[in-house]
J.: 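Questions regarding the structure given below will be posed in turn.
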Amino acid sequence: MRIDIISVVPDLLNGPFSHSILKRAQDKGIATVNVISLRDYAVDKHKSVDDYAFGGGAGMVMKIEPIVACIEDLKSRTEYDEIIYMSPDGQLLDQPMANALSLKENLMILCGHYKGIDERVREHFITKEISIGSYVLSGGELAAAVVADAVIRLIPGVLNDETSALSDSFQDNLLAPPVYTRPAEFRGWKVPDVLLSGHDANIEKWRHEKALQRTKERRPDLLK
Ligand code: SAH
């Protein structure tokens, strides 16, 4: 999978992809994440990527020309399955959406800043708009990193234990059961006996019961 992220603050995206699972996915050649600086596509000599909003009001708007130049340049080299704009008014990211995106080959993600992007970009180029939650961030970069992380870890071969993504919360509409590791007893607090029993069927049954109980208590909406 290839994910190309367009940003006015590309440095914000240096960290998330250079460590741990996301780095390993790239080292293995399973996923490639490229961060493209929108400023490289600015058309005037001041390299400006934003301007005042028509109609007035506080806040700058990201200009259409650099964004279109950038999108068209990328499209001339790669065929994208989706051109995504990160936006608080987009479709809420959830596990089914991450699952669906993980099956794609090439994704482009445009990060907004300031008051957002000129609406004409959304009308004519964007194929999907994603929100990571009902709150407003200062830019789309952290949101794009969240999407890329949720998607890349699902690609087969990224996680060491192939089944581990399938047993996470939200797969099967259940939250994950509690987990424990050594020591089996700490300050008198014991790990549930069944997990030490070595009896796979009983362990599986216990985990399912706990997952169900936790979902009923915390997210009954998932069970509807
Ligand atoms: N004026 C806009 C918010 C702009 S915030 C509004 O009220 O809807 C600046 C940028 O941050 C947005 O263009 C978007 O790319 C990003 N952003 C902010 N909140 C987000 C969220 N919840 N999900 C995804 N992207 C978000």
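Remember, it's 1-based here, ligands and their atoms both numbered in the order they're listed. These numbers come from the heavy atoms of this one structure, side chains and all, not from hydrogens, waters or symmetry mates.
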J.: Test your reading of the model: is there a side-chain donor-acceptor pair from Asn106 to the backbone of Glu79, 3.5 Å cut-off?
T.: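 Checking the backbone N and O of Glu79 against the side chain of Asn106, a donor-acceptor pair under 3.5 Å is found.
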J.: At less than 4.0 angstrom from any atom of ligand 1, which residues have a non-hydrogen atom? List them by chain and residue number.
T.: Tyr85, Met86, Ser87, Pro88, Gly112, His113, Tyr114, Lys115, Gly116, Ile130, Ser131, Ile132, Gly133, Tyr135, Val136, Leu137, Ser138, Gly139, Gly140, Ala143
J.: Can you measure from OG (Ser102) to CD1 (Ile155) and round to the nearest 0.5 angstrom?
T.: 6.5 Å
J.: Report the hydrophobic cluster partners of Leu223, with the cluster defined as I, L, V, M, F, W, Y residues connected by side-chain heavy atoms closer than 4.5 angstrom, directly or transitively.
T.: Leu174, Leu212
J.: Linking Ile, Leu, Val, Met, Phe, Trp and Tyr through side-chain heavy atoms less than 4.5 Å apart, which residues share a cluster with Trp189?
T.: Phe186
J.: Test question: given the 4.5 Å side-chain rule for I, L, V, M, F, W and Y, name all other residues clustered with Ile203, or answer none.
T.: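 Members besides Ile203, by chain and number: Tyr180, Val191, Val194, Leu195, Leu196, Trp206.
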J.: Are the side chain of Ser7 and the backbone of Ser37 linked by a donor-acceptor contact shorter than 3.5 Å?
T.: no
